[in-house]
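Since this is a predicted model, take the numbers as computed values, not measurements. Below, chain A is the first sequence line, B the second, and so on; all start at residue 1.
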2 protein chains.
Amino acid sequence: MPKTPVWRAIAATLMDEIASGHYRPGDKLPTEAELSTRFGVNRHTVRRALAELGTLGLTHARRGAGVFVLSEPTDYRIGKRVRFHQNLTEAGRLPAKRILTLQTRPSDKDEAEALALPPGASVHVYEGLSLADGTPVALFRSVFPAQPFPNLLADLQFHQSVTKALAAAGIEDYTRASTRLTAKTATATQALQLGISEGAPILRTVAINHDTTGRPIEYGHTWFVGDRITLVVAD
Amino acid sequence: MPKTPVWRAIAATLMDEIASGHYRPGDKLPTEAELSTRFGVNRHTVRRALAELGTLGLTHARRGAGVFVLSEPTDYRIGKRVRFHQNLTEAGRLPAKRILTLQTRPSDKDEAEALALPPGASVHVYEGLSLADGTPVALFRSVFPAQPFPNLLADLQFHQSVTKALAAAGIEDYTRASTRLTAKTATATQALQLGISEGAPILRTVAINHDTTGRPIEYGHTWFVGDRITLVVAD
DNA sequence: GGAAATTTGTGCGTATGTATC
DNA sequence: CGATACATACGCACAAATTTC
């Protein structure tokens with residue numbers, strides 16, 4: 001069993017308390033001295049936990065004043081390794097997915113090109129809704145080549161996780177090759193599914209993921225609710 | 001003048017040495033003990049600097065083995081993420097800029113915090129319009145601390161380039177600390193300036209740029225017309 | 001307005017644990 | 001196995017910014 005450092009346990013506790021609403025956006029956390037007493041550790045150990053919350057964008061420290069819980073919208077970090085579940089977990093929110101459709105069908109022109117497949121080759125398509133704390137924050141559609149992953153749809157249904165389903169198919173790791181971003185306004189269908197008004201701002205990302213050999217394995221679109229999500233590109 | 005912490009100066013030095021190719025991707029950095037001796041500081045101070053490189057994704061530490069350089073030097077200096085930045089604010093592919101306002105005024109709360117200035121400290125503000133083929137594609141506002149750059153407004157007016165104006169003020173190099181992206185809809189004022197309808201989708205980016213000592217020197221917003229621009233983040 | 005108390009930030013020193021070589 | 005190297009944790013002191021009185 002991996003031993004968990006004390007500072008990590010403290011960070012997890014504080015993240016839980018933020019996620020549960022015990023500390024709300026704008027609230028001041030207890031002082032480092034108070035947290036030291038509460039957890040029975042040195043102030044530096046508390047500071048290590050608070051540093052973690054800070055780099056995750058969950059809190060912000062002001063010298064002389066205190067450490068404050070940041071307000072929404074939630075930052076969603078974008079970079080070489082993007083995992084929706086992991087990101088929102090780190091941000092102290094409860095992630096969930098709802099499957100809308102799972103199907104296998106012939107690829108269209110864009111999909112075949114993005115995945116380097118022959119025109120019309122069979123692909124698996126996974127469409128769903130991402131929620132944080134019960135609120136929809138994004139719609140997504142992931143397209144995978146069907147031939148190398150015969151059982152992917154069943155794995156996706158079971159795990160509800162792209163990472164785990166790909167792992168079951170033997171893909172240990174994958175990285176994002178590119179991300180394109182633009183702004184849109186919500187269509188009527190999107191607005192209904194996301195619980196927003198038609199015409200509300202939407203941040204659309206289009207990404208291609210590669211396995212470690214450089215073979216494209218996922219062509220994904222995500223439509224984020226602009227008012228609920230901020231993407232962060234960390235340099 | 002803001003005093004730079006020792007660990008930040010050490011982090012900047014190591015980043016320079018990585019960027020210059022003195023340490024190449026895959027290389028092992030000197031041990032913490034060696035770096036402590038070299039810089040004449042405690043090992044914890046070196047660790048604070050290395051922690052910064054780690055969270056920036058430049059290095060990766062392996063317990064018992066060492067600290068290893070991850071990124072290509074080009075990724076840091078002229079690499080993809082920084083090119084992304086240059087495309088945003090430097091108009092690398094945008095043929096024209098139109099200056100809307102150049103002024104010096106007291107900073108608001110957000111600006112002072114982003115630039116690590118005392119509340120209300122004086123800042124230079126550069127607002128303008130970016131055009132491609134005569135069509136407006138983005139509005140931008142860049143905010144700089146006024147005190148270190150007395151002639152910045154004149155330099156901006158002359159060069160119409162942030163990089164060149166900062167170079168004239170003695171800033172040889174600067175890097176983007178973070179970029180945040182979200183979707184908005186155009187306000188009436190923005191719609192008028194950009195030649196679009198009120199409520200049209202807007203991609204907003206917010207970025208903070210640091211000089212090589214880690215001091216924030218630019219706080220920039222850009223509002224892209226969603227229908228006319230797609231941003232690309234290449235990893 | 002100013003002094004004092006509070007609170008986070010930086011830095012040093014020490015000791016011990018754990019993974020790698 | 002021993003030596004090396006990073007990780008964790010405690011303690012102390014002072015600096016810098018804010019808040020309180």
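In this structure, A/E32 places its CD atom 16 Å from C1' of C/dA5, rounding to the nearest Å. Put simply, CG on A/L35 is 14 Å from P on D/dC10, counting in whole angstrom units. The CZ atom of B/R48 sits 17 Å away from the P atom of D/dC6 (whole-angstrom rounding). If you take NZ of A/K28 and P of D/dA17, they are 19 Å apart, rounded to a whole angstrom. In this structure, the CZ atom of A/R63 is 10 Å from the P atom of C/dG11, given to the nearest Å.
With contacts defined as side-chain heavy-atom distances shorter than 4.5 Å, the pair B/Y23/B/T59 does not qualify. At a threshold of 4.5 Å between non-hydrogen side-chain atoms, the residues A/F39 and A/T13 count as touching. Looking at heavy atoms from C-beta onward, B/E32 lies out of side-chain contact with B/L29 at the 4.5 angstrom threshold. Within the 4.5 Å cutoff, the side chain of B/V67 has no heavy atoms near those of the B/L53 side chain. For the pair B/L156/B/I99, no side-chain contact is recorded, criterion being any heavy-atom separation below 4.5 Å from C-beta on.
Under the side-chain contact (heavy atoms from CB on, under 4.5 Å) criterion, B/V6 pairs with B/I10, B/V41, B/T45, not counting sequence neighbours. Looking at residues two or more places apart in sequence or on another chain, you find a salt bridge (charged side-chain N to carboxylate O under 4.0 Å, His left out) between B/E17 and B/R38. By the salt bridge (charged side-chain N to carboxylate O under 4.0 Å, His left out) test, B/R63 is found to be paired with no residue, residues two or more places apart in sequence or in another chain being considered. For A/R62, there are no salt bridge (charged side-chain N to carboxylate O under 4.0 Å, His left out) partners two or more places apart in sequence or in a different chain.
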Give me the distances for all protein-to-nucleotides 19-21 of chain D N/O pairs that come in under 3.5 Å?
residue : atom : partner : partner atom : Å
D/dT19  : OP1  : A/R62   : NH2          : 3.1

Distances for protein N or O near nucleotides 14-16 of chain C N or O, under 3.5 Å:
residue : atom : partner : partner atom : Å
C/dT14  : O4   : B/H44   : NE2          : 3.0

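Side-chain nitrogen and oxygen atoms of A/R47 include none within less than 4.0 Å of the OP1 or OP2 phosphate oxygen of C/dT8. Taking side-chain N and O atoms only, B/T45 has no distance below 4.0 Å to OP1 or OP2 of C/dT10.
Between A/V6 and B/G66, the residue whose closest nucleotide on DNA chain D is further toward the 5' end is B/G66. Summary of the strand contacts: B/L29 and A/W7 both lie near DNA chain D, and taking for each the nucleotide with the nearest heavy atom, the more 5' one is attributed to B/L29.
Closest to the side chain of B/P5, out of C/dG9, D/dT8, C/dG11, is C/dG11.
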